[in-house]
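A quick write-up on the structure given underneath.
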Amino acid sequence: MNEEQKKWTDDSEMMDRYLRGELSDEERVRLEQEIEGDAERTAALRTEMEITAGIRRHGREQMKAGLRTALRKDRQAQFLSFNYIGLAAAVVIVLIGVGVYKYFFNDYARPTSFPHPKVYVTVPDDTSDTAEATADTVQEQVKEPSPPSPAADAMAMKKERKTAEVAANNADHVPSEATMSAAPATASGYVAKTVESTAAMSVADASGSVWLVGNVVMVRSERVDASELSKRSASGVSASSEEFAAGSSAPAKRKIALAAVEVRRRPVKELPAARRSKDAGTIETLVERKDDHLIVTLYNDDVRDGDVKEAVVLSLGEDSLVVSLPSRSIGYRLPAGWVEQARTR
Amino acid sequence: MLDRIREGDEQVLAELYRSNKRSIASLVLRNGGDESDADDVLQESVVILWERVRTGRFEQTAKLSTFLFAVAKNVWSRKRMRKHREPAFDEPDTLSDDAHSSVLDGMIDDERSYHISRALDRLGDPCRTLLVLYYWEERSQEEIADTMGFANAATVKSKKYTCKKMLEKILQDDGLRTGTEW
């Protein structure tokens, strides 16, 4: 082997070119002939091959590591994007739920599924001036019923009164003559009649307060006869003649004194204009339902504060009560369950 | 996609991985491998394709997916033999002595290359990068000079020689005999 051939195999650059396939055919054949049969040069070539293989393996491992990092970042980005999408979807669902609740459930004091009774207005002719003077005050007082909740009850405690529309007090409801004539007359001259409750009364019940027209069924200094009572029957308030008879001997069990009722009075001028009644024999009354008692506010200028302090409230049944004042007794028909509440104390 | 590989766009690797994952994973799982094996085979197959294209040794005669599947099959066959001392897929166990020797040689070679790869890690940069660019990516010395900021190709040649000697020294210190039989 000549010096030139030995130089080739001793030249690492030639070996590198050989392993990279960069030698020409002639050069490759020459180098292979040099290696063939030469154990030392064969070993040298093998060493070069191993090192090259190791370096290539290292390069592949580096690239695989880079690929794993890129895939991991992609998975993290996907995970985050799914999280963001899921979070956004959850927010949308919550907002929809809140909207549905507020629209359908939270505000059912303003029901749309059953008739909303009209507010009947009876403006007495002789109080027109007063009505105009207090129009602003009345306007503030006329409001829709509050929703049935503890918060609504708290709101009812404020000075502003909630106006509930009660069809039972509708001036249009007049008992038929047949009914009146069929009712038995008693020694006291009163007649009994009943009134059917309406859907409007249910609305008022839900609101926690109700406007009622109390019929003065007995004045201490006089008795009201049947004909007079019929004129006062516009509100449809039931009045049992037996129970309202002065010094009535009616069984005590039918008259239950209600301790959980607070009686108040306010002047007529504080009444909302829509509540002004023409009938002098009636008293506009606001009955408010609290946690465990009732507040009955009489809007009447004849009832004095002293009378209210001596008031006794009696129940005649499940839905009737009588406010008995020193000067008069006033009967009311309450929504179902309200009288029961007055007995809770 | 081949053009992107030639341009050095490494994002291609992830795309090739995702698009061929199902078929190659199925191959490995049906032939005694698990999810980890499938993942490793797929990564190596993709990188081998990258290497072949980058070094100009790839000739496209079929779809890339077909090529990758063939590569994956070979890669898993070697791994399986080393892992389980078993023949490759469904081949009858009639290996001759020569075949067993080649399997053993393959295992030895693989072990050696592993040690050389670890020695490169210890060698560090710039030698490691230079040697990888030259021997794995088969870049020209001029290209390496541009990439790594050397003065010229002659400097790269000299530096490459020095780095190889240092690598051989590390291997000798580790007791790894090279170029000789066990």
Side-chain angles (χ1 to χ4, degrees), chain A residues 7-24 28 31-32 34-82, chain B residues 10-18 21 39-40 42-48 50-51 54-57 108-121 123 128-141 157-158 160-161 163-165 167-168 171 176-181:
Chain A
K7 286 181 180 178
W8 274 44
T9 54
D10 292 338
D11 185 353
S12 63
E13 191 65 23
M14 290 298 290
M15 297 294 272
D16 286 341
R17 289 180 59 199
Y18 170 72
L19 292 173
R20 284 161 61 119
E22 293 176 354
L23 295 180
S24 65
R28 181 177 55 78
L31 193 141
E32 287 175 350
E34 181 178 316
I35 294 171
E36 187 177 353
D38 187 329
E40 188 177 340
R41 286 186 172 82
T42 301
L45 178 61
R46 186 172 175 80
T47 299
E48 292 296 321
M49 292 173 67
E50 288 177 350
I51 292 175
T52 301
I55 295 172
R56 287 177 176 172
R57 179 186 178 127
H58 184 84
R60 286 194 210 106
E61 293 299 323
Q62 275 190 320
M63 180 137 282
K64 283 166 66 176
L67 174 59
R68 284 192 291 270
T69 300
L71 292 172
R72 188 165 52 247
K73 286 181 179 177
D74 284 350
R75 279 193 288 270
Q76 287 174 350
Q78 248 185 358
F79 176 76
L80 285 175
S81 68
F82 284 146
Chain B
E10 294 186 11
Q11 288 186 349
V12 170
L13 295 172
E15 294 176 22
L16 286 169
Y17 178 96
R18 281 190 287 268
K21 183 175 181 179
D39 200 47
D40 190 56
L42 179 55
Q43 290 175 21
E44 192 158 334
S45 302
V46 168
V47 170
I48 288 174
W50 170 277
E51 182 182 340
R54 292 280 292 170
T55 57
R57 289 183 282 144
I108 293 172
D109 290 343
D110 191 63
E111 192 68 20
R112 289 181 189 278
S113 66
Y114 171 80
H115 281 288
I116 293 171
S117 177
R118 296 285 77 81
L120 269 170
D121 284 332
L123 187 63
R128 179 177 56 184
T129 301
L130 189 156
L131 293 175
V132 169
L133 287 174
Y134 186 81
Y135 288 101
W136 184 58
E137 294 200 24
E138 295 189 357
R139 301 271 194 95
S140 68
Q141 292 176 0
K157 178 180 177 180
S158 173
K160 177 170 67 70
Y161 177 82
C163 291
K164 275 188 69 177
K165 290 301 176 188
L167 179 63
E168 289 172 5
L171 292 171
L176 182 67
R177 295 178 295 175
T178 58
T180 60
E181 294 182 1

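Excluded from the calculations below are hydrogen atoms, water molecules and symmetry mates; all remaining heavy atoms, backbone and side chain alike, are included. Numbers restart at 1 for each chain; the letters A, B, ... are given by sequence-line order, proteins then strands.
- With a 4.5 angstrom heavy-atom cutoff, B:Gln11 does not touch chain A via any of its atoms.
- For the pair A:Lys64 and B:Glu44, the salt-bridge criterion is met [side-chain N within less than 4.0 Å of a carboxylate O].
- For chain A, the nearby parts of B:Glu138 are the backbone and the side chain; heavy atoms of each come within less than 4.5 Å.
- For a residue to count as touching a neighbouring chain, one of its non-hydrogen atoms must lie under 4.5 Å from one of that chain's; by this rule B:Thr129 does not touch chain A.
- For B:Leu167, the part lying under 4.5 angstrom from a heavy atom of chain A is the side chain only.
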What pairs of donor and acceptor atoms, side-chain ones from residues 68-76 of chain A against any protein atom, are under 3.5 angstrom apart with sequence neighbours left out?
unit_1	atom_1	unit_2	atom_2	d
A:Arg68	NH1	B:Gln43	OE1	2.7
A:Thr69	OG1	A:Ala65	O	3.0
A:Asp74	OD2	B:Arg18	NH1	2.6

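- With rounding to the nearest 0.5 Å, the separation of CD1 in A:Ile55 from CZ in B:Arg128 is 12.0 Å.
- Atom OG1 of A:Thr47 and atom NZ of B:Lys164 lie 9.5 Å apart (nearest 0.5 Å).
- Residue B:Tyr135 comes nearest to A:Arg56 through the heavy atom pair O-NE, 3.0 Å, listed as atom of the first residue, atom of the second, then distance.
- Contact of the A:Ile51 side chain with the B:Glu168 side chain is registered, since non-hydrogen atoms from C-beta on lie closer than 4.5 Å.
- Atom CD of B:Glu137 and atom CE of A:Met63 lie 6.5 Å apart (nearest 0.5 Å).
- In this structure, the separation between CZ on A:Arg57 and NE2 on B:His115 is 9.5 Å, given to the nearest 0.5 Å.
- Looking at A:Arg20, its side chain does come within 3.5 Å of a backbone N or O of B:Tyr134 through a donor-acceptor pair.
- Nearest heavy-atom pair across A:Glu50 and B:Ile116 is O-CD1, 3.1 Å.
- Of the atoms belonging to B:Gln141, it is side-chain heavy atoms, and not backbone ones, that fall under 4.5 Å from chain A.
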